[in-house]
Amino acid sequence: MERFWEDLRWRGLIHQATDEGRLVELLGSRQSMYVGFDPTADSLHVGSLLGLTMLRRFQAAGHRPIALVGGATGMIGDPSGKSDERNLLSMDALRANIEGMQAQMGRFLDFDDHSGAVLVNNHDWMRDVTYLDFLRDVGKNFPVNVMLAKESVRSRLERDDAGISYTEFSYMLLQAFDFVRLFDRYGCRIQCGGSDQWGNITAGIDLARRMRQTQLFGATWPLLTRSDGAKMGKTESGTVWLSARRTSAYRFFQYWYNIADEDAGHCLRRLTDLPRDEIESLDAARQADPAARASQRRLAENLTRLVHGDEGLDLALAATRIFFGEEISDLRDDALLSIFADVPSRAVPRERLASGVLTIVDALVEAGLASSKGEARRAVEQGGGYVNNRRIESIDRVLDLSDLAGESVIVLRRGKKNYGLLRFE
RNA sequence: GGGGGGUUUCCCGAGCGGUCAAAGGGGUCAGACUGUAAAUCUGAUGGCAAUGCCUUCGCAGGUUCGAAUCCUGCACCCCCCA
């Protein structure tokens, strides 16, 4: 079992751990380990990936992973790492979010397997606890002076402009209580989380010592950051989600494919389950020939397959070839429409195409790729107009039925990456 | 309350009776280059049935063959003196 821990260390996944010697010893037998997830949206995102893959690694090593969805704590809001008081979510929104997240976790964890991954919602045990019971049983064990010393609370108290509500202040107690309950129910002795969770994790360990006279353990991974300072999993256009509905497999693939060279090694180690020797040879290849981007490709393929399956990866690869120049022909409409799922499309009567009156200039405007005919004309004259990825040579070009890329779709493009679809119905 | 300055095309900013759809810069968009990076270079940048026509220079009138440019009134902004 030391090998397992050694691997986690090598991957850079261990930031802090309580009583590491005994923890490693404990891992010599089958254990349960839990990671909590905030139900702040109806989909998990790249930020959740680390926790999911951590659970996965434990399952692969023969332990039982427990994914805890914070149905109760989500109603409160974790102040850790947050500079401002958070808005509370409605019950309905929470329920929808939890359902969405549960649906995605099956990709990462085997819930049927003998090592039985478990999904729990802390609302299930919190909803029946009365306020008075909670204060007597749990609150009694929390010295306020210790709570005030925790980083998550202190940083907020030191601000003149933010402060912290009693509600958020209490968050730590709920998460601590979760740990005790999971110990009671599953014998779970280990909790992992991002380094911002250290305070909450140790709070649970303290509580278990007082309430159950038992020793629990915790470990944190360092928060995944990008070398340029930007947050991992964010782009100019927003969060990178794990749900294909929110972020297409193609865009997900592209996010990883475009990771900076300096970040690629970290991501391979922390997020993929590729073996050490392969990662090290990718490191060497990246040094020798960065332009080949072998690391980024491997990373993108590995994660896209994990999150979107083989089908999703195939789709992303097909879309990548097309978005980077490959001519489009002989494709079916459904393939085109899923590849271009993120691209705006416009329906046009089929007669206009058949009767040979649809000029390329009109088509570009119709597809929303130019805001005026003048702009469309300019684009074509400068060589920036494409039909099915083939450059338009003449401003007099007229579209007809032979230009269809699928049964009823023509793909127009302006410049490098602005696509627009016309559907002829 | 008195005096002065300003309001220009996406932004900044020239223009001070015709040659102004309006210099220059930024941004944006294309093209080349490139590792789907950054930088760089080139071109474009009000609309349209387009050797022309229409709309645009705070708003409304006026002078003139002709106004972003001159005059009058109005609105908003800035500065100075009370």
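Chain A is the first sequence line, chain B the second, and so forth, proteins listed ahead of strands; every chain is numbered from 1.
At a cut-off of 3.5 Å, with distance as the only test, no side-chain donor of Q197(A) or S195(A) sits close to an acceptor on the other residue. Side chains of D400(A) and S402(A): a donor-acceptor N/O pair is present below 3.5 angstrom, by distance only. Remark: the W198(A) side chain and the E151(A) side chain contain no N/O donor-acceptor pair separated by less than 3.5 Å. Side chain to side chain, D196(A) and S152(A) fail the donor-acceptor criterion of an N or O pair below 3.5 Å.
The pair R397(A)-D403(A) meets the salt-bridge criterion, since a charged nitrogen lies less than 4.0 angstrom from a carboxylate oxygen. For D178(A) and R181(A), the salt-bridge test fails: no basic side-chain N is under 4.0 Å from an acidic carboxylate O. A salt bridge does not link D333(A) with R423(A): none of the charged nitrogens is closer than 4.0 Å to a carboxylate oxygen. We find that R332(A) and E407(A) are joined by a salt bridge, their nearest charged nitrogen and carboxylate oxygen being less than 4.0 Å apart. With salt bridges taken as basic N to acidic carboxylate O contacts below 4.0 Å, one links E301(A) and R297(A). We find that R298(A) and E278(A) are joined by a salt bridge, their nearest charged nitrogen and carboxylate oxygen being less than 4.0 Å apart. Between E99(A) and R95(A), no side-chain nitrogen of the basic residue sits less than 4.0 Å from a carboxylate oxygen of the acidic one, so the salt-bridge criterion is not met. A salt bridge does not link D7(A) to R3(A): none of the charged side-chain nitrogens sits closer than 4.0 Å to a carboxylate oxygen. Between D362(A) and K373(A) a salt bridge is recorded (basic side-chain N to carboxylate O distance below 4.0 Å).
Of all the residues in residues 364-385 of chain A, S372(A), K373(A), G374(A), R377(A), R378(A), Q382(A), G383(A), G384(A) reach under 4.0 Å from RNA chain B with at least one non-hydrogen atom. A heavy atom closer than 4.0 Å to some atom of RNA chain B occurs in R414(A), G415(A), K416(A), N418(A), these being the qualifying members of residues 414-422 of chain A. Near RNA chain B, meaning a heavy atom under 4.0 Å away, the residues from residues 253-264 of chain A are Q254(A), Y257(A), N258(A), D261(A). Against RNA chain B, the stretch residues 291-308 of chain A makes heavy-atom approaches under 4.0 Å through A291(A), R293(A), Q296(A).
The P atoms of G6(B) and C10(B) are separated by 23 Å, rounded to the nearest whole Å. Across A38(B) and C48(B), the matching C1' atoms stand 40 Å from one another, rounded to whole Å. As rounded to the nearest Å, G2(B) and G73(B) have P atoms that lie 14 Å from one another. Taking the C1' atom of each, C59(B) and U8(B) are spaced 15 Å apart, rounded to whole Å. C78(B) and G13(B) have their P atoms separated by 15 Å, with the value rounded to a whole Å. Remark: the separation of the C1' atoms in C57(B) and G17(B) is 15 Å, to the nearest Å. Spacing between A75(B) and A30(B) at atom C1', rounded to whole Å, works out to 41 Å. Separating the P atom of G35(B) from that of G46(B) is a span of 35 Å, rounded to the nearest Å.
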Worksheet item: If you write RNA chain B from 5' to 3' in dot-bracket form, with Watson-Crick or G-U pairs under 3.5 Å, [ ] for crossing pairs and | for pairs with another strand, what do you get?
Response: (((((((..(((.....[.....)))((((((.......))))))(((...)))...(((((..]....)))))))))))).

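Reading RNA chain B from its 5' end, the first and the last nucleotide to sit under 4.0 Å from a heavy atom of chain A are C29(B) to A50(B).
Within the 4.5 Å cutoff, no side-chain heavy atoms of V35(A) are placed close to those of L68(A).
Of the candidates R391(A), R321(A), R413(A), R390(A), E327(A) forms a salt bridge (charged side-chain N to carboxylate O under 4.0 Å, His left out) with just one, namely R390(A).
Aromatic ring pairs are classed by plane angle as parallel below 30°, tilted from 30° to 60° and perpendicular above 60°; the pair F169(A) and Y166(A) is tilted. Ring planes of F323(A) and F340(A): perpendicular class, angle over 60° (limits at 30 and 60°).
The six-membered or imidazole ring of W221(A) lies away from that of H15(A), with a centre-to-centre distance of 6.0 Å or more. Between Y186(A) and Y34(A), a ring centre-to-centre spacing not shorter than 6.0 Å is recorded.
Where Y386(A) and D362(A) meet RNA chain B, the nucleotide closest to each residue was compared, and Y386(A) sits on the side nearer the 5' end.
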